[in-house]
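Each residue takes its place number in the sequence, starting with 1. FYI, side chains are in, hydrogens and waters are out, and symmetry mates aren't considered; it's all heavy atoms of this structure.
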Amino acid sequence: MIVYFSGTGNSLAIARQIAAATDDRIMPLVEAVKKDLTAEPRIGLVYPSYDFNAPPAVRNLVPRLRINAQAYVYIIIPCGAQAGNSIWTIRRMLRGKGIEVSYSHKIRVPDNSAIVFGRNPNDQVWKFTRFAHRLESIISDIQAGRKALHFAWWSPLARIMGTERMEQWMLRTFRPAVNEEKCIGCGICSSVCPMRNISVDGKAAIGPHCTACLACLHACPQQAVEVGAKTTVKAHQYRHPDIKIKDLTLR
């Protein structure tokens with residue numbers, strides 16, 4: 001079983017590629033916490049790195065997973081550049097439950113938060129070709145059941161970024177908001193939110209459990225979701241090229 005958390009499709013696409021090669025199933029993290037996974041001999045966790053750490057939602061949900069302590073557990077991090085403490089944090093959480101992570105790695109993908117800084121994530125699609133060989137190597141390692149921890153060690157910089165005060169500031173800074181003048185209440189943002197945190201009653205409203213994945217911002221066809229009151233540029237909205245909106249929809 002491969003459990004993933006994905007806002008714009010990077011983690012989902014990688015989970016699918018690994019699953020196709022290993023003949024595994026995939027499941028969104030928010031659904032996996034409702035299941036008993038103790039019969040699964042192999043558990044993959046695929047989630048991004050946010051601000052040098054695992055997303056808050058991942059940190060909240062992973063401890064609720066029911067996993068066999070004897071399972072082969074691996075973590076793969078799709079990230080713009082640095083994995084930070086995103087592997088170390090979850091590895092420590094699982095160890096607290098008596099579960100050891102056997103393998104971990106990262107693979108670089110377009111940074112969907114680039115849009116917040118006025119950059120176009122679509123300009124980074126070259127990463128798919130540049131790092132395709134790494135994904136092939138990762139898949140080979142998983143198929144062989146190899147034990148190797150890459151990018152799994154504590155990072156001093158990530159520790160600074162991960163202080164509660166800094167993290168709360170980052171969440172406030174990156175928290176999306178709905179521009180009601182542009183919103184037409186289509187519900188697409190609600191359907192792709194991996195936290196099921198957006199309600200639509202005429203207009204969309206983002207709830208209190210936002211993890212700043214920016215799925216809603218990138219998916220909105222009216223560019224009605226914004227960060228920091230900055231106009232969202234349609235050409236800068238990003239979704240993994242192999243992933244459709246319907247693929248991100250949680251049922």
Side-chain angles (χ1 to χ4, degrees), residues 1-6 10-33 35-109 127-159 161-162:
M1 173 66 72
I2 302 174
V3 178
Y4 70 89
F5 180 86
S6 191
N10 288 330
S11 295
L12 172 55
I14 289 172
R16 281 182 169 180
Q17 290 179 72
I18 296 173
T22 59
D23 196 27
D24 272 333
R25 295 175 296 148
I26 66 172
M27 183 179 295
L29 177 58
V30 70
E31 294 295 334
V33 296
K35 307 292 184 180
D36 184 350
L37 304 180
T38 53
E40 299 288 341
R42 179 169 58 199
I43 297 288
L45 299 175
V46 183
Y47 57 87
S49 172
Y50 290 175
D51 306 321
F52 297 92
N53 207 345
V58 173
R59 283 178 275 147
N60 290 334
L61 293 173
V62 163
R64 293 166 50 189
L65 288 172
R66 287 176 284 174
I67 302 173
N68 192 316
Q70 304 305 314
Y72 175 82
V73 179
Y74 65 88
I75 296 175
I76 307 300
I77 303 294
C79 57
Q82 301 298 323
N85 280 344
S86 54
I87 295 172
W88 179 83
T89 297
I90 300 303
R91 181 183 171 217
R92 183 181 61 169
M93 285 183 170
L94 290 174
R95 177 172 283 180
K97 297 179 60 176
I99 299 167
E100 291 292 338
V101 174
S102 297
Y103 183 87
S104 63
H105 221 311
K106 75 169 185 178
I107 184 163
R108 292 184 64 185
V109 295
K127 292 179 180 177
F128 294 130
T129 301
R130 177 78 61 85
F131 294 98
H133 68 284
R134 176 174 289 181
L135 183 55
E136 292 176 1
S137 177
I138 288 171
I139 290 173
S140 177
D141 287 343
I142 293 170
Q143 288 175 317
R146 294 192 177 95
K147 295 186 177 183
L149 296 173
H150 305 276
F151 306 102
W153 312 114
W154 182 78
S155 164
L157 176 59
R159 179 66 185 89
M161 294 295 294

Set of side-chain contact (heavy atoms from CB on, under 4.5 Å) partners for S102, sequence neighbours left out:
Y72, K147

Quick one: list whatever passes side-chain hydrogen bond (donor to acceptor under 3.5 Å, both in side chains) with R108, sequence neighbours left out.
none

Within this structure, what is the NE2-OG distance for the pair H150 and S137, rounded to the nearest 0.5 Å?
7.0 Å

Pairwise side-chain contact, S104 with Y74, heavy-atom cut-off 4.5 Å (strictly under)
no

Distance-only, no hydrogens or angles: does the K127 side chain make a donor-acceptor pair with backbone N or O of G80 under 3.5 Å?
yes

Note: I99 and A69 closest approach over all heavy atoms is CG1-CA, 4.1 Å

Would you compute the distance between atom CG of L29 and atom OH of Y4 and round it to the nearest 0.5 angstrom?
10.0 Å

Give me the atom names and distance for the closest heavy-atom approach of F5 to Y50.
CE2-OH, 4.0 Å

Can you tell me how far the CD atom of E40 sits from the CZ atom of R66, to the nearest 0.5 Å?
12.5 Å

With heavy-atom distances below 4.5 Å as the criterion, would you say the side chains of D141 and Y103 are in contact?
yes

Taking all atoms of both residues into account, what is the closest heavy-atom pair of I77 and P48, and its distance?
CG2-C, 4.1 Å

Looking at every heavy atom in both A15 and I2, which two are closest together, and how far apart are they?
O-CD1, 3.6 Å

Would you find a donor on one side and an acceptor on the other, under 3.5 Å apart, between the side chain of Q143 and the backbone of A21?
yes

Crowding at CG, D23 (>12 non-hydrogen neighbours, <6.0 Å):
no

Distance col, row L45:CG vs I76:CD1, nearest 0.5 angstrom, shows 9.5 Å

CD1 of I139 to CZ of R134: how many Å apart, nearest 0.5 Å?
13.5 Å

If we check side-chain contact (heavy atoms from CB on, under 4.5 Å) with V3, which of these qualifies: L37, V33, V30, V46?
L37

Give a yes or no on whether the backbone of A19 and the side-chain of D24 come within a donor-acceptor separation of less than 3.5 Å.
no

Closest approach of S11 and S6, non-hydrogen atoms and distance?
N-OG, 3.6 Å

So do the side chains of I43 and L65 get within less than 4.5 Å of each other, counting heavy atoms only?
no

Any F151 side-chain heavy atom under 4.5 Å of Q82 side chain
no

Are any of the side-chain heavy atoms of V109 and F131 separated by less than 4.5 Å?
no

Heavy-atom count check: over 12 atoms from other residues, nucleotides or ligands less than 6.0 Å from R130 CZ?
no

Roughly how far apart are I67 CD1 and R42 CZ, rounded to 0.5 Å?
14.0 Å

Is the closest side-chain heavy-atom distance between L12 and I26 below 4.5 Å?
yes

With heavy-atom distances below 4.5 Å as the criterion, would you say the side chains of Y47 and V62 are in contact?
no

